Amino acid sequence: MRIVILGSGRGSNAEAILLAQQAGRLGRARVVQIFSDKPAAGILALGPRFGVPAQFVDPAPFKTKLEGEGEARFIAAIRACAPDLVVLAGFMRVLKPGFLDAFAGKIINLHPSLLPQFPGLDGIGQAFRAGVKVTGCTVHYVTLEVDAGKIIEQAPVPVVPGETLETLTAKVHAAEHALLPAVIARLSEAMP
Ligand code: GAR
């Protein structure tokens, strides 16, 4: 199972996937490429470290969505990798029908809350401020409606007395780092 990872940030989840692969815990999945819409994103530094091609793709002209020329550039770059699965690991752009149709049923996203609660930006902060007793993270298929596609798997994280946003953030991230590689491994084993 050929995996392409897209991310905009530090790439700790991409790192967790690559560490799982190194340790033989990624099933039949193999990361073939990393792409970022941010030229200085930490996720791109994982490429040389793990021996995986990592490349910036210009997302212009839009700031928060992937549409038009930027979308076409991403589609062409990803298609050239012939992926079986496109993994959004902190890719902070709204995807449009052109992209979703190009990789129909093959795009999964990681979100830092127990969807359908707290979709959109800052899922951890939203949950913390709402005062919930349990939050967590979700891996789901990507559809046109943001953070609303079919849920594949979730991991709960309890919010304990005295919790701060910082401690909760660290716990949710740790849960993400375990969940996403496990889901990818499971999907790869289920692939024909
Ligand atoms: C993760 O917490 C992920 O759930 C979140 O971005 C972070 C990326 O961290 N994604 C979203 O909020 C998507 N709506 P990373 O760059 O260290 O993997």
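Atoms within each ligand, like the ligands themselves, are counted from 1 in listed order. Predicted, not measured: the structure shown is a model, and the values here were computed from it.
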Item checked: Phe99 and Val142, any side-chain heavy atoms less than 4.5 Å apart -> no
Check: Roughly how far, to the nearest 0.5 Å, is CG of Leu19 from CZ of Phe50?
Finding: 4.0 Å
Note to self: According to side-chain hydrogen bond (donor to acceptor under 3.5 Å, both in side chains), does anything in residues 182-192 pair up with another residue at least two apart or in another chain? List the pairs.
What the structure shows: Glu153-Arg186
Check: Which pairs with one or both residues in residues 90-106 pass side-chain hydrogen bond (donor to acceptor under 3.5 Å, both in side chains), sequence neighbours excluded?
Finding: Asp37-Arg93
Item checked: Atom-level proximity to ligand 1, residues with heavy atom under 4.0 Å -> Gly9, Arg10, Gly11, Ser12, Asn13, Gly90, Met92, Leu110, His111, Pro112, His173, Glu176
Note to self: I need the full list of salt bridge (Lys or Arg N to Asp or Glu O under 4.0 Å) pairs touching residues 114-130, with sequence neighbours left out, sorted by first then second residue.
What the structure shows: Asp122-Arg129
Notebook entry, point to check: Is the shortest heavy-atom distance from the side chain of His177 to the side chain of Asn13 under 4.5 Å?
Noted result: yes
